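This report refers to the structure that appears directly beneath it.
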Protein chains: 2
Amino acid sequence: MSKSILRTDAGESPDHEDDAGLRQAIELLFFAYRDFTGEADALLADTGFGRAHHRVIYFVGANSGITVAELLKILKITKQSLSRVLGQLIEEDFIDQRTDEIDRRRRRMYLTIKGAELERRLTERQSLRIEKAYQGVGPAGVEGFRAVLRGIINEEDRNTVSNIKKPEKKI
Amino acid sequence: MSKSILRTDAGESPDHEDDAGLRQAIELLFFAYRDFTGEADALLADTGFGRAHHRVIYFVGANSGITVAELLKILKITKQSLSRVLGQLIEEDFIDQRTDEIDRRRRRMYLTIKGAELERRLTERQSLRIEKAYQGVGPAGVEGFRAVLRGIINEEDRNTVSNIKKPEKKI
DNA sequence: GTATATATGTCAATAACACTGACTTAAATT
DNA sequence: AATTTAAGTCAGTGTTATTGACATATATAC
C-alpha cells in the first residue's frame, strides 16, 4: 500500500533503479546535508554569523584571492545578498579585500589570520564527519560516493570542484 | 602554495584521508545539494511555494498518515515554522488533515490528488537526476554513495531513512 | 579620446524560512 | 480531578535571499 508514488503503483520498473532506491537516495541527501551543515551552524551560532558567512569563508579559504564575480558564480546568489555577508566579514576582520594590481576594478579576497582560524575550526569539524563516514566503506565505495555526487552536480559546474587526480585547480 | 588550510601546510598527513580529499568531499556535497534542490526550487517558483513546502509534501507523500509531531522530528524545525507552511498547503488543498480515529488529539496528514500530483512531478525530477548520476558508476559505487551518506547522518537518525534491504520502513 | 562594457558597490522594498516565548484548546492518561 | 500530550496560535525577531534601480571606477574598443 505504501510503495510507490513515482510510478503508478503497478509492479513494473524493469531495467532502472527502482523508485524505492531513488527515494532512499533523496532522503539520504536531505538528512546528510541537514546534519552536515547543522554542526557548523551550531559552532557559528555564538559568533552571530550564519551559514552564508560560512560559505563565503570556506570558498575564500579554498580559493585565496578569489574575486567577487567568481564567488557569486560559485554561490549562485545575487550581488546584493553577498554584499551584506561579505561586508560583515570584512568589517569584523575575517576577510581582507585588496584591489587587483593589474585590473584595478577587481577586488581580490583573502582570509585574515582570524578568518583562517575560524575557517580551520569549521572545516575541521566537517572533515572529521566525512572521514568517519569513510571508515569501513573502502576506497571503491569512497570513489563511488564522489562519482555519484559529481554526477548530481550540473554539468557546467562539475569542474568547479577541485579534482584531485588531475594536476591542479585554478579558479 | 594553495594546498592545505586544514593542517599547517607542511607535507605530513600519514594514514588518513588527506585534506584535499576531504575538502573535495565538502565541495561535492555543497554543489550537489545546491543543484539537487535548485531544480525543484525552479519548478516550485511559479506555485508560490518554496523549499519548505517541498519538504513537507515529500515527507507526507513518503509517509502517508504521518502526524504533526513525527513530521517535526524529521524536519527538525519548530512547530511554528511548520505551521505556516502546512497551513498554506492545507488551505490550497495540497494536503488533507484528518483526526486520528483512535487518539483524537492526533492529526494525520495525507496528500490530496493535487498534492500527490505535485509530489510526483518534483520527485520524478530529482529521481531522474540521481538515476543519471548512478549511470556508469556501478552497483558497488552506488552502494558506496549510500553508505557514506548514511555515515554522515547523525547516528540517531540513520534509521529514519528507509532501509531498502530490510523488511519495511514504518515511521 | 570618446563611447561602451565590465566589476563592484549601494539603496530600497520584499519575501521565504526560521527562531523564541507565551499561551490556548482538546483529548488522553494517571 | 489532576496531569500530560498533541496540536495550534499570537507576537516579535533574525537570517538569507530576492528584484529593481542606480552610482562609481576602470578597462577596452572604435
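Each chain gets a letter, A, B and so on, in the order its sequence line appears, and its residues count up from 1. Only this structure's heavy atoms are used, side chains among them; waters, hydrogens and symmetry mates stay out. From a predicted model like this one, the values you see are computed outputs, not experimental measurements.
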(Q) One thing to verify: whether B:Glu119 and A:Arg23 come together as a salt bridge, which I'm taking to mean a side-chain N less than 4.0 angstrom from a carboxylate O. (A)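 Yes, this pair counts.
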Q. 5' to 3' on DNA chain C, which nucleotides open and close the contacts with chain A (atom under 4.0 Å from a heavy atom)?
A.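 Footprint of chain A along DNA chain C, 5' to 3': C:dT6 to C:dC11.
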Q: Could you list the residues that satisfy ring-ring contact (aromatic ring centres under 6.0 Å, His included) with B:Phe49, not counting sequence neighbours?
A: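 Result, ring-ring contact (aromatic ring centres under 6.0 Å, His included) vs B:Phe49: B:His53, B:Phe94.
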**Q.** Which residues share a ring-ring contact (aromatic ring centres under 6.0 Å, His included) with B:Phe30, sequence neighbours left out
**A.**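 By the ring-ring contact (aromatic ring centres under 6.0 Å, His included) rule, B:Phe30 matches A:Phe59.
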Kindly write out the residues that satisfy side chain to side chain contact (heavy atoms under 4.5 Å, CB included) with [X], not counting sequence neighbours, or none if the list is empty.
X: B:Asp103; value: B:Asp100, B:Arg105, B:Arg106
X: A:Ile90; value: A:Leu86, A:Ile95, A:Gln97
X: A:Gln135; value: none

Q) What pairs meet the ring-ring contact (aromatic ring centres under 6.0 Å, His included) rule with one or both residues in residues 99-125 of chain B, with sequence neighbours excluded? A) none
Q | Sub-4.5 Å side-chain heavy-atom contact between A:Leu43 and A:Arg121 | A | yes
Q | Residues in contact with DNA chain D, drawn from residues 98-108 of chain B - heavy-atom cutoff 4.0 Å | A |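 Within this stretch, B:Arg105, B:Arg106, B:Arg107 sit under 4.0 Å of the strand.
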(Q) Does anything in residues 32-49 of chain B come within less than 4.0 Å of DNA chain D? Heavy atoms only, and list the residues if so. (A)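 None - not one residue of the stretch has a heavy atom sitting under 4.0 Å from the strand.
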Q. Counting only heavy atoms not in A:Glu91, do more than 12 fall under 6.0 Å of its CD?
A.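 Count not over threshold, so no.
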Q: Let me know, please, whether A:Lys79 or A:Gly50 comes out on the 5' side of the other along DNA chain D by nearest nucleotide.
A: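 Result of the comparison: A:Gly50.
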Q | DNA chain C-proximal residues of residues 80-97 of chain B, any heavy atom under 4.0 Å | A | B:Gln80, B:Ser81, B:Arg84
Q: Determine which pairs satisfy salt bridge (charged side-chain N to carboxylate O under 4.0 Å, His left out) with at least one residue from residues 72-85 of chain B, sequence neighbours left out, and list them in order.
A: A:Asp35-B:Lys76, B:Lys76-B:Asp157
Q. Could you give all pairs that pass the salt bridge (charged side-chain N to carboxylate O under 4.0 Å, His left out) test and reach residues 49-68 of chain A, with sequence neighbours left out?
A. A:Asp41-A:Arg51
Q.
Would the distance check show the side chain of A:Gln126 and the main-chain N or O of A:Phe36 forming a donor-acceptor pair, the cut-off being under 3.5 Å?
A. yes
Q: Describe, in one word, how the ring planes of A:Tyr33 and B:Tyr33 are oriented to each other, choosing from parallel (under 30°), tilted (30 to 60°) and perpendicular (over 60°).
A: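 Rings of A:Tyr33 and B:Tyr33: parallel, under 30°.
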(Q) Just N and O in the side chain of A:His53: are any of them under 4.0 Å from OP1 or OP2 of D:dT16? (A)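 Answer yes for this pair, as a side-chain N or O of A:His53 is under 4.0 Å from OP1 or OP2.
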